[in-house]
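Written below as structure tokens is the structure these notes are about.
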Number of protein chains: 2
Amino acid sequence: MNPITGHRRHFEDLTLGETVELGSVTVTRDMIFAFAREFDPLPFHLDEEAAKRSLLGGLASSGWQTGALTLRLLCDGFLNSIAAAGGLGFSDLKWRQPCMAGDTLSARATISALRRSSHHPELGIMTLDLSVANERGEPVMTMSLANLVEARKATP
Amino acid sequence: MNPITGHRRHFEDLTLGETVELGSVTVTRDMIFAFAREFDPLPFHLDEEAAKRSLLGGLASSGWQTGALTLRLLCDGFLNSIAAAGGLGFSDLKWRQPCMAGDTLSARATISALRRSSHHPELGIMTLDLSVANERGEPVMTMSLANLVEARKATP
């Protein structure tokens, strides 16, 4: 048994097309201010009056915060139950609607590709299509994430 | 004068190919633990022993943290000096090397495309190629970011 991954599912246990509901998170005004102060200190993420005058017409989360909260849902709802070994990158991240203060985001992941790593015989590469919607069912963010997953058996 | 953007540079003031050095940030062990607890609670970001046994052989930041820290450098070093109006999305984010505890990341942004928005006559879309390197000059992360920027004059 792998000392880190324990009894988690490994690369061979994953199925193309598998979809996982990742749960939800409500994004509060204070969460938006706290994240923006640390990582995205733009006027319209830091001040309600500036936010009202901005393109979005009100206080919205940093897009990167929407992503980080999605990552948290992904860890708790999926990655921590498999032998995830690290991310490689993502493609086509799109913020489709702003996440306004008070919105509740729900996320879903679908395994859209599975292949063995050509460099690391003991690893596979899983591509996840992530989609995030608000409580009205409107799309907020979509992206594809490539993640390494340990295999039970190395390729010969 | 726009009440939010003040005397900041606007879309018409930006130049294709313009490169901005965004400064640097040192990523400490405590920063890695704090971010991982909140957003990326995987064993190898939370525990030094688990990190040693992981693919990276030691404690490394969440890739999403590397991104968020880069966003902070981008805000302080560039976006807050222009009439930035929000992000649209990212493409081709790649984590090229892990950012290990103690590494110092430096970031650079190059304006790789400038075009007017077809939906919003008062906005332009700026594409930035971002590259992040460690103190040894090794590439850590690259990505392209599309950002809205207010124009001085709307298209007719």
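All chains are named by letter (A, B, ...) in the order of the sequence lines, taking the proteins before the strands, and each is independently numbered beginning at 1. Heavy atoms only: backbone and side chains are in, while hydrogens, waters and symmetry mates are out.
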Determine whether [X] and [Y] fall in the same hydrophobic cluster, where Ile, Leu, Val, Met, Phe, Trp and Tyr are linked whenever their side-chain heavy atoms lie under 4.5 Å apart.
X	Y	value
A/Met100	A/Ile32	no
B/Val20	B/Val25	yes
B/Met143	B/Leu114	yes
A/Ile125	B/Leu55	yes
A/Leu56	B/Leu79	no

query: Got A/Leu93 and B/Leu93 here, is their nearest side-chain heavy-atom distance under 4.5 Å?
result: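 No, too far: nothing below the 4.5 Å cut-off.
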message: Show, in sequence, the C-alpha distance, side-chain angles and deciding distance for A/Phe39 and B/Trp64, and conclude whether the ring pair (Phe, Tyr, Trp, His ring centres under 6.0 Å) test is met.
response: CA-CA 11 Å; A/Phe39 296 116; B/Trp64 206 266; over 10 Å; no
What part of [X] is in contact with chain A, defined as an atom under 4.5 angstrom from a non-hydrogen atom: side chain, backbone, both or neither?
X	result
B/Asp47	neither
B/Leu73	neither
B/Ser62	side chain

Note to self: Closer than 3.5 angstrom, by distance alone: can the side chain of B/Asp40 be matched with the main-chain N or O of A/Leu71 as a donor-acceptor pair?
What the structure shows: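 Answer holds: no.
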Exercise. Drop me the distance from B/Phe90's CZ to A/Trp95's CH2, to the nearest 0.5 angstrom.
Key: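 B/Phe90 CZ to A/Trp95 CH2: 4.5 Å, rounded to 0.5 Å.
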Please give me the minimum heavy-atom distance between [X] and [Y], naming the atom from each residue.
X	Y	value
A/Glu38	B/Arg72	O-NH1, 2.9 Å
A/Leu42	B/Cys75	CG-SG, 3.9 Å
A/Asn80	B/Pro41	ND2-O, 2.7 Å

* To do: Go through A/Leu88, A/Leu74, A/Leu123 and name the one with the most non-hydrogen pairs under 4.5 angstrom from chain B.
  =>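 Top option by heavy-atom pairs under 4.5 Å: A/Leu88.
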Options B/Gly63, B/Gly87, B/Ala60, B/Ala36, ranked by heavy-atom pairs under 4.5 Å with chain A, top entry =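 Among B/Gly63, B/Gly87, B/Ala60, B/Ala36, the one with the most close pairs to chain A is B/Gly87.
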Exercise for the section: Quick one: which of B/Pro98, B/Ser91, B/Ala85 has the most heavy-atom pairs under 4.5 Å with chain A, could you say? Expected result: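 Going by pairs under 4.5 Å, I would pick B/Ala85.
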Point to revise | chain B contact via A/Met141 - which portion, at a heavy-atom distance below 4.5 Å | key: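 Neither part; nothing is under 4.5 Å.
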